Amino acid sequence: MPAEALEGGFAAPAKEAARGFRQVMEAMARPGRIAELGGASPPAPLSVAAGTVLLLLCDGDTPLHLAGEADCPEVRAWVSFHCGAPLAAAADCAFAVGTWEALAPLGRYRAGTADYPDRSATLIAELPRLAAEGTRLSGPGIAGEAWLSLPETEAFRANAARFPLGLDFLFTSGTRLAALPRSTRVG
Amino acid sequence: MTDAAYNFAYLDEQTKRMIRRAILKALAIPGCQVPFASREMPMPYGWGTGGVQLSAAVLVPEDRFKVIDQGADDTTNAVSIRKFFERTAGVATTTRTADATVIQTRHRIPETPLAEGQILVYQVPIPEPLRFLEPRETETRRMHALGDYGLMHVKLYEDIARHGHVSAAYAYPVMVEGRYVMDPSPIPKFDNPKLSGCPAIQLFGAGREQRIHALPPYTNVVSLDFEDHPFEASKPEHPCALCGATESYLDEVITDDRGTRMFVCSDTDFCTSRRDAALEAAQ
């Protein structure tokens, strides 16, 4: 294992994880709201926010799918040292990380079962930019309406139509984070 | 004073990650009961182990933490849970609803309206609203999957046929975003309207039953009723004997052994704030 893989974790794991999770929870509870998330220094091509989400949520219990360029030796070594998450194919993962293009097609991921809709994948999509503009969002967590620069609309509309089944999305860009749960109506 | 022997907020990091993942899924599917691997806590089941685990998973060092039990800050359960997190997380605590960032509650929603940035953590004994109608978990799971809530409506109908009204005064079932029927924990039905459109995040934890459910802010929550028997948030028809409030939920307190009783606010912070304000105005 290269020595760089040992770097880039939390300096004070319990407290940084607590603060980081609050940002992720606020983002998931208020779709479209953009939060600042930092603490981890993952290897390229992962963003700071995406790496921090992995540290916050992934461990030996969560199969992780590295999509596209995220599936490189540096990221594999970093993830196995800091999270210990088993790497898995898209169909078996609890979390997946990569660019929006690399994560597609969405039909590959687990969308939960009718009895247990929570047994679905969470996708961490790396976007070149993230801003509160573009596609209109409404639903639980949103007072009236919110706006988010989604990479496309149709896939999220189809995902929301399957509610209560479906995927949940975390969008990361640099140190910025936003979320789109399946309950959000898009467009 | 923090007990350095414990990890921040008592639980180990892997347990917190497991609870945090369940919280995110619960927020993504409002009203759906998400299983989690509830841990043994240093208090018995029924004393708020579900709520304590949720609080441990969401607390940050900068939080101001409030705990209420039936609205009161000064009962055994509330005091011991507040002390628990003072010791293991080193967080500041408060009894003022408006000053708190995380509020753990047993069976009440504070009278003071909650705001964005606040988190309300409920202690839940039985999260399944259909449990007393259908004891099998496999069956209730399937009923939620199919949105088959006929049994619940029959129960409400039989209540009306027998008593003239729905007999549930607490743990009154609600419909979340038109999809999941949810038990709001044993809050009085007086509190039900506060569930809907609340700016704060509401998390529900059942330790023994190993379930977490959640309401994101501004979620639409409707108490189940019938067109000709609409839901009514009721309370004792008295003003508070201490502060005179007419809009707050009241506890009935027996004051001697000859049946003398008084009605006082169940929310102690609300009641003392009103009395302090009245005292200041009088001076």
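Numbers restart at 1 for each chain; the letters A, B, ... are given by sequence-line order, proteins then strands. Model, not experiment: these values are computed from the prediction. Atom set for the values below is all heavy atoms of this structure, side chains included, hydrogens, waters and symmetry mates excluded.
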Quick check: does any side chain N or O of [X] sit under 3.5 Å from a backbone N or O of [Y], one acting as donor and the other as acceptor?
X	Y	answer
A:Thr172	A:Ala49	no
B:Glu139	B:Arg136	no
B:Arg64	B:Asp99	yes

Should [X] and [Y] count as an ion pair when the cut-off is N to O under 4.0 Å?
X	Y	result
B:Arg142	B:Glu137	no
B:Lys83	B:Glu86	no
A:Glu74	A:Arg76	no

* Contacts of A:Thr135 that satisfy side chain to side chain contact (heavy atoms under 4.5 Å, CB included) - sequence neighbours left out ->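 With sequence neighbours excluded, A:Thr135 shows a side chain to side chain contact (heavy atoms under 4.5 Å, CB included) to A:Leu150, A:Thr153, A:Val186, given in chain and number order.
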
Side chain, backbone, both or neither: which part of [X] has an atom under 4.5 Å from a heavy atom of chain A?
X	value
B:Ala214	neither
B:Glu62	side chain
B:Ile23	side chain
B:Ile19	neither
B:Asp12	neither
B:Val221	neither
B:Arg179	side chain
B:Leu146	neither

May I ask you to check whether [X] and [Y] show a side-chain donor-acceptor distance below 3.5 Å?
X	Y	answer
B:Thr101	B:Lys66	no
A:Glu126	A:Ser47	yes
A:Asp61	B:Gln14	yes
A:Trp100	A:Glu152	yes

* Asked: Should the heavy atoms of other residues, nucleotides or ligands under 6.0 Å from CZ of B:Arg131 be counted, would the total exceed 12?
  ->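 Enclosed: over 12 neighbouring heavy atoms sit under 6.0 Å from CZ of B:Arg131.
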
**Item:** Greater than 12 external heavy atoms within 6.0 Å of A:Glu69's CD
**Value:**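 Counting other residues, nucleotides and ligands, CD of A:Glu69 stays at 12 neighbours or fewer.
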
Using a cut-off of under 4.5 Å on heavy-atom pairs, state which of [options] scores highest against chain A.
options	value
B:Arg21, B:Met18, B:His144	B:Arg21
B:Leu215, B:Ile29, B:Leu27, B:Val60	B:Ile29
B:Val176, B:Asn220, B:Ile119	B:Ile119
B:Cys32, B:Gly197, B:Pro217	B:Pro217

Which one wins on heavy-atom pair count under 4.5 Å against chain B: A:Gly166, A:Pro117, A:Pro181?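 Max contact count across the listed options: A:Pro117.
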
Between A:Cys58, A:Ala179, A:Ala94, A:Ala27, who has the most heavy-atom pairs with chain B when the cutoff is under 4.5 Å?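 Most heavy-atom pairs within the cutoff with chain B belong to A:Cys58.
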
Counting only heavy atoms closer than 4.5 Å, note whether [X] contacts chain B via side chain, backbone, both or neither.
X	answer
A:Leu56	backbone
A:Leu55	backbone
A:Pro13	backbone
A:Thr62	side chain
A:Arg22	side chain

Q | Taking every non-hydrogen atom, the tightest pair across B:Pro193 and B:Ala233 | A |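 Looking at all heavy atoms of both residues, the shortest contact is CG-CB, 4.0 Å.
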
message = Just so I know, are the side chains of B:Gln33 and B:Phe204 near enough to count as touching, which here means a heavy-atom distance under 4.5 Å?
response =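 They are not in side-chain contact.
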
inquiry  = Can you list the residues of residues 104-116 of chain A that sit under 4.5 Å from chain B, counting heavy atoms only?
reply    =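 Those residues of residues 104-116 of chain A which have a heavy atom under 4.5 Å from chain B are A:Ala114, A:Asp115, A:Tyr116.
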
